[in-house]
Number of protein chains: 2
Amino acid sequence: MAKSNPPFMSGVPELLLLRLLQTREMYGYELVRSIREVTGEAISLGEGVIYPVLHSLERNGSLKSKRKPVGGRTRVYYALTRKGRDRLAKLQGDWHRIQTGIATALESPGHA
Amino acid sequence: MAKSNPPFMSGVPELLLLRLLQTREMYGYELVRSIREVTGEAISLGEGVIYPVLHSLERNGSLKSKRKPVGGRTRVYYALTRKGRDRLAKLQGDWHRIQTGIATALESPGHA
DNA sequence: TGAGGATACCTCGAACCAAAAGGTATAACA
DNA sequence: TGTTATACCTTTTGGTTCGAGGTATCCTCA
């Protein structure tokens with residue numbers, strides 16, 4: 001029954017979403033393309049990843065959403081809350097830590 | 001049935017192991033502590049992660065092992081093969097790509 | 001001597017996340 | 001009218017990592 005910790009490098013999709021929403025409100029479909037773009041095609045997350053993360057972030061209060069009809073379609077725009085900003089700061093710290101750790105490991109001595 | 005790709009940032013344990021073994025031969029238990037050390041405590045992988053990865057790397061020819069009795073215990077030392085060096089190069093490239101992608105995303109405009 | 005901790009190997013089950021594919025519906029374009 | 005693009009969503013599958021458990025030897029120290 002022991003609840004295991006999340007895998008040590010998870011939470012990157014969440015991090016990217018929160019970071020993008022820090023700049024401005026965006027909707028799901030837009031975020032999918034945006035992530036591919038801002039990461040220089042290095043990371044491509046499908047809708048099957050984005051939407052569930054968005055929903056869980058909203059459930060836990062990191063995001064708030066509002067629906068906007070545009071043309072005949074409806075867009076759901078997401079914005080950061082206070083809690084979301086805190087969450088973003090935490091994830092950025094986590095990421096920085098492991099990224100630095102890996103860099104250290106890779107650069108260290110002998111490429112003998 | 002469609003075979004899904006491995007998660008976009010997996011393979012880091014594998015990368016770290018290969019990198020450490022590039023410098024010198026090491027045995028499993030040693031690698032567990034070494035990873036914690038060289039990453040500045042940022043990453044800590046248990047034996048439940050290390051041993052299976054070691055075994056699968058050996059099966060696919062990236063590592064070769066030899067047993068050495070030391071005191072009354074037996075250590076299994078692992079060394080890189082040619083294929084292991086190629087694999088390491090590939091994983092380093094992959095890692096560099098996504099690491100750069102994320103850095104770009106995080107640094108980009110407005111910390112408004 | 002015997003209890004406990006460190007060393008050293010290993011495996012199994014559960015948890016968790018992301019991939020892919022599928023499903024609905026409207027708009028635009030050819 | 002059919003195909004592509006927009007826009008939302010969920011479910012199934014698959015792979016990786018986590019945690020805990022299991023065996024055995026050695027060393028320390030009461």
Side-chain angles (χ1 to χ4, degrees), chain A residues 1-17 25-36 39 42-60 63 65-78 91 94-95 98 102, chain B residues 1-17 25-37 39 42-60 63 65-78 91 94-95 98 101-102:
Chain A
M1 256 128 220
K3 183 190 300 184
S4 80
N5 286 329
F8 72 103
M9 12 198 336
S10 64
V12 170
E14 191 184 339
L15 169 60
L16 293 173
L17 287 180
E25 293 187 355
M26 297 174 94
Y27 57 97
Y29 195 76
E30 184 184 14
L31 285 160
V32 171
R33 285 170 310 185
S34 200
I35 285 184
R36 207 170 24 213
T39 62
I43 296 173
S44 182
L45 300 173
E47 301 172 39
V49 174
I50 298 305
Y51 286 115
V53 173
L54 247 17
H55 299 157
S56 100
L57 284 171
E58 183 173 21
R59 267 197 309 275
N60 80 20
L63 297 179
S65 70
K66 66 181 169 235
R67 329 187 107 253
K68 270 193 211 172
V70 176
R73 300 187 202 83
T74 299
R75 292 179 181 166
V76 183
Y77 279 85
Y78 291 90
L91 288 178
D94 289 352
W95 173 253
I98 65 178
I102 294 175
Chain B
M1 256 134 219
K3 182 190 302 186
S4 86
N5 288 328
F8 73 101
M9 15 196 337
S10 65
V12 171
E14 191 184 338
L15 170 59
L16 293 174
L17 286 180
E25 293 188 355
M26 296 175 93
Y27 57 98
Y29 196 75
E30 183 184 14
L31 285 160
V32 171
R33 287 170 309 185
S34 199
I35 285 183
R36 207 170 25 215
E37 224 182 84
T39 62
I43 296 173
S44 181
L45 301 173
E47 302 173 37
V49 174
I50 298 305
Y51 287 115
V53 174
L54 246 16
H55 297 159
S56 100
L57 284 172
E58 183 173 20
R59 266 198 309 276
N60 79 22
L63 297 180
S65 70
K66 67 180 166 235
R67 328 186 109 253
K68 270 194 210 170
V70 176
R73 300 188 203 81
T74 299
R75 292 178 181 166
V76 183
Y77 279 86
Y78 291 91
L91 288 178
D94 290 351
W95 172 252
I98 66 177
I102 294 175

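A, B, ... follow the sequence lines: proteins, then strands. Residue 1 opens every chain.
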Glu47(A) has an atom CD; how far is it from atom C1' of dT24(C), in whole Å?
12 Å
Please list residues of residues 68-77 of chain A whose heavy atoms come under 4.0 Å from any atom in DNA chain D, ordered by number; otherwise none.
Arg73(A), Thr74(A), Arg75(A), Val76(A)
Test side chain to side chain donor-acceptor pair (under 3.5 Å) applied to Asn5(A) - qualifying residues, sequence neighbours left out:
none
CG on Leu45(A) to OG1 on Thr39(A), rounded to 0.5 Å:
8.0 Å
Contacts of Lys68(B) meeting side chain to side chain donor-acceptor pair (under 3.5 Å) (sequence neighbours excluded), chain-then-number -> none
Sequence neighbours left out, what passes salt bridge (Lys or Arg N to Asp or Glu O under 4.0 Å) with Glu25(B)? Give chain and number order.
Lys66(B)
Could you tell me how far apart Ile50(A) (CD1) and dA19(C) (C1') are, to the nearest whole angstrom?
12 Å
List the residues meeting side chain to side chain donor-acceptor pair (under 3.5 Å) with Ser65(A), not counting sequence neighbours, and say none if there are none.
Glu58(A)
For Val12(B), give me all partners under side-chain contact (heavy atoms from CB on, under 4.5 Å), at least two apart in sequence or on another chain.
Phe8(A), Met9(A), Ile102(A), Leu16(B), Trp95(B)
Which residues satisfy the side-chain contact (heavy atoms from CB on, under 4.5 Å) test with Arg73(A), sequence neighbours excluded?
none
Taking 4.0 Å as the cut-off, does a side-chain nitrogen or oxygen of Tyr51(A) come that near to OP1 or OP2 on dC8(D)?
yes
Between Ile50(B) and Ile35(B), is there a side-chain heavy-atom distance shorter than 4.5 Å?
yes
Which pairs, with at least one residue in residues 5-15 of chain A and sequence neighbours excluded, count as a salt bridge (charged side-chain N to carboxylate O under 4.0 Å, His left out)?
Glu14(A)-Arg87(A)
Protein-nucleotide distance (Leu54(B), atom CG; dT11(C), atom P), rounded to Å:
11 Å
Quickly work out the Leu16(A) CG to dC17(C) P distance and round it to whole Å.
16 Å
Roughly, in whole Å, what's the span from CD1 in Ile35(A) to P in dA18(C)?
11 Å
By side chain to side chain donor-acceptor pair (under 3.5 Å), Glu30(B) pairs with (sequence neighbours left out) Arg24(B)
What's touching nucleotides 16-18 of chain D from the protein side, N or O pairs under 3.5 Å?
{"unit_1": "dC18(D)", "atom_1": "OP1", "unit_2": "Phe8(A)", "atom_2": "N", "d": "3.4"}

Which residues in residues 26-33 of chain A have a heavy atom closer than 4.0 Å to any atom of DNA chain C?
none
Does a side-chain N or O from His55(B) land closer than 4.0 Å to OP1 or OP2 of dC9(C), or not?
no
Glu37(B): which residues meet the side-chain contact (heavy atoms from CB on, under 4.5 Å) condition with it, sequence neighbours left out?
none
